[in-house]
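Reviewing the structure listed below.
The structure presented is a predicted model; accordingly, all values stated were derived computationally and were not measured.
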Amino acid sequence: MPPPAPSRLLAVLSARPPPPLCRLLQLHAHLLTAGLISSPSPPAFASSLVAAFAHSDDPRHGPRPLLHALALLASLPSPPDSARPYNAALRALSLYAHRGLVPRCLPLYRSLLLSARPDHLTFPFLLKACACLQDRRYGEAVLGHVFRLGFHADVFVVNAAVHFLAVCASMVEARRLFDQMPVRDLVSWNTLIGGYVRRGVPGEALEVFWRMAEDGTLAPDEVTMIGVMSGCGQLRDLELGRRLHGYVESNGVRCTVRLMNVLMDMYVKCGDLERAKSVFERIDGKTAVSWTTMIVAYTKFGLMDDARRVFDEMPERDAFPWNALMAGYVQCKQAKEALGLFHEMQEAKVRPDEITMVNLLSACSQLGALDMGMWVHHYIDRHRLSLSVTLGTNLVDMYSKCGNIEKAIHVFKGLPEKNALTWTAMLCGLANHGRADEAIQYFQRMIELGLQPDEITFIGVLSACCHAGLVKQGREFFSLLVSKYHLERKMKHYSCMIDLLGRTGHLDEAERLVNTMPMEPDAVVWGALFFACRMHGNITLGERAAMKLVELDPSDSGIYVLLANMYVEAGMKKKADKVRVMMRHLGVEKVPGCSCIELNGVVHEFIVKDKSHMDTDAIHDCLHEITQQIRHTANMIDIYATG
DNA sequence: GTAGGGTTAG
């Protein structure tokens, strides 16, 4: 195609949509030979050409035209004195289509400043890029320019600024700017509501929404309702969610797929699976997010078969639904299924990501599958997946739960970034391995670093004290938890503390604590008290604890056996027999104990007195031998310790 | 031509 006449050139370049890429390249060559984009020709041609390349976002070409525009802009002998080509490039860069290119916005703005004056279109793009990059310092400098150049009354610019502040600074700052706006439009309100929701302050978001409704000049649109519904979900306020759902349906708010997705999520969070399902069924053109949200919905209600069915019905699956289903299996303690799903995922050639690895490690921790866990660690290294805090924490947790505490410590020490959860995982690991002193040291170190412990951290230190019989320290932690760290004592804290008091013979104090607990003691609490009574020969209290255990779960055979054993140990044969008779009368059967072991990456399950293996006899001989050796060693230690 | 929104993870 011959080049157009010079008078037509600008019009051709400015056409929307722009000419195809091959045509643009021809025009570029033409302009070069005609000397129209070299100094001292007017920069209009260069500007239009850059803008045309930047707007040419045909997905088939990927970021190529955009990169071409950037190169062209950088190579011009005289840089354009208009913001237009820069704006076009900023627009294309900040559309997030090519996430990796967003950082290029900043140097581009710097070169714009050298030759031209930013205008009302420059700032929305640039602030969006700053928000996307979470670059607070740069964004604040840009805000300085906004005010100096007098754009503080441009509603587009200020909306983008409110968004930037909400993402990178704080809601207080975003709110201050919002309050100062002379004119606000719907986007201003939506930005503020969305900001509060993203920061997890749904109460404020709804407050803003009510104020907007009172004001009455602007009608909420689907974006408003997405924010508000998400807020209802966070608040777990089903009543309000339903009312606002009604509002959406009767006020002609566009029911986009995105809004329907949030509605589903709100119902799930508020515990109404049926309504979530009915919204899902009514979605026309379900997206991957719709399907994934429904999978998550079922997993949250423990309905793993339904989750799997939705997963299978899904037309196309990226890593998200795989991860969601896998996380569901992990949460429902079906770790074997989680690992099985991972193998399917590999067969389906879906690339696992960081979150897949997090799920896999949790599954390994549950199973004690060290070989598989090490394979995951190796996989992370080999594929250079970024070792995020969460992933690192899970690695530490996996190694310690799978029995290799040394490796857990080694990984912990090498982590580039650690947070309170990482420290908590390490400290709980040490506690579970009986290394109480170190666990407590880690706790102190973590406090020195200014990290905030949570409820789990205290379970760690309390169980450390429990293992080591450190009553005084245990009492101290138990009290600090509330007085200094303002945390709530949970069932697990009480059971730890009662176990500690009981083991060390403070039975009265343990009983007092059981009686003053703010919640109904569970089987673990009574079990700990029972164990202590048996250990210290307090039959009366032991009987009471055992009766409570029977009440809590009459079908659990274990407690009858333990109670009978306690009587035998105390020389009360008759009472022991009575318990056994009672057990027979009640028809309580012993449930066979079940355990599992990982061998060469395969997890095997087996039950008590399992004779299914062909070498059963040899295995039991070997086990007998090991038990004897342990007994012998324990005796020797006893002799040395007491003698 | 510019700004705002949802899903996966200990």
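The residue A:Phe156 sits close to a base: some heavy atom pair falls under 4.0 Å. Among the protein residues, A:Asp454 comes within range of the nucleic acid bases, having at least one heavy atom under 4.0 Å from a base atom. Within the 4.0 angstrom heavy-atom criterion, no nucleotide atom of any strand lies near A:Thr122.
Residues A:Phe443 and A:Trp423 place their aromatic rings such that the two centres sit no closer than 6.0 Å. Two rings, from A:Phe151 and A:Phe123, have their centers less than 6.0 Å apart.
Here the P atom of nucleotide B:dG5 and the CG atom of A:Asp221 are 12 Å apart, to the nearest Å. With rounding to whole Å, A:Arg91 atom CZ is found 9 Å from B:dT2 atom C1'. Here B:dG6 presents its P atom at 12 Å from CG of A:Asn261, a figure rounded to the nearest Å. In this structure, CZ of A:Phe151 is placed 15 Å from C1' of B:dA3, rounded to the nearest angstrom. Here B:dT2 presents its P atom at 14 Å from CG of A:Leu90, a figure rounded to the nearest Å. If you take NE2 of A:His163 and C1' of B:dG5, they are 9 Å apart, rounded to a whole angstrom. The CG atom of A:Leu360 sits 12 Å away from the P atom of B:dG10 (whole-angstrom rounding). Atom pair A:Leu126:CG and B:dA3:C1' shows a separation of 13 Å (rounding to whole Å applied).
Pairs passing the ring-ring contact (aromatic ring centres under 6.0 Å, His included) check and including a residue from residues 293-320 of chain A, sequence neighbours excluded, read A:Phe311-A:Trp322.
Residues passing the side chain to side chain contact (heavy atoms under 4.5 Å, CB included) test with A:Val172 are A:Ser170, A:Arg176, sequence neighbours excluded. Applying the side chain to side chain contact (heavy atoms under 4.5 Å, CB included) test to A:Arg275 and every residue at least two apart in sequence or in another chain returns A:Arg242, A:Tyr267, A:Asp272. By the side chain to side chain contact (heavy atoms under 4.5 Å, CB included) test, A:Val201 is found to be paired with A:Tyr196, A:Arg199, A:Glu204, residues two or more places apart in sequence or in another chain being considered.
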Listing, residues 383-390 of chain A side-chain donor-acceptor contacts under 3.5 Å, not counting sequence neighbours, or none:
residue: A:His383; atom: ND1; partner: A:Tyr379; partner atom: O; Å: 3.2
residue: A:Ser386; atom: OG; partner: A:Glu354; partner atom: OE1; Å: 3.0
residue: A:Ser388; atom: OG; partner: A:Glu354; partner atom: OE2; Å: 2.9
residue: A:Ser388; atom: OG; partner: A:Leu391; partner atom: N; Å: 3.2

Using atom names, set out every protein N or O paired with an N or O of nucleotides 7-9 of chain B below 3.5 Å, distance rounded to 0.1 Å.
residue: B:dA9; atom: OP1; partner: A:Gln331; partner atom: NE2; Å: 3.4

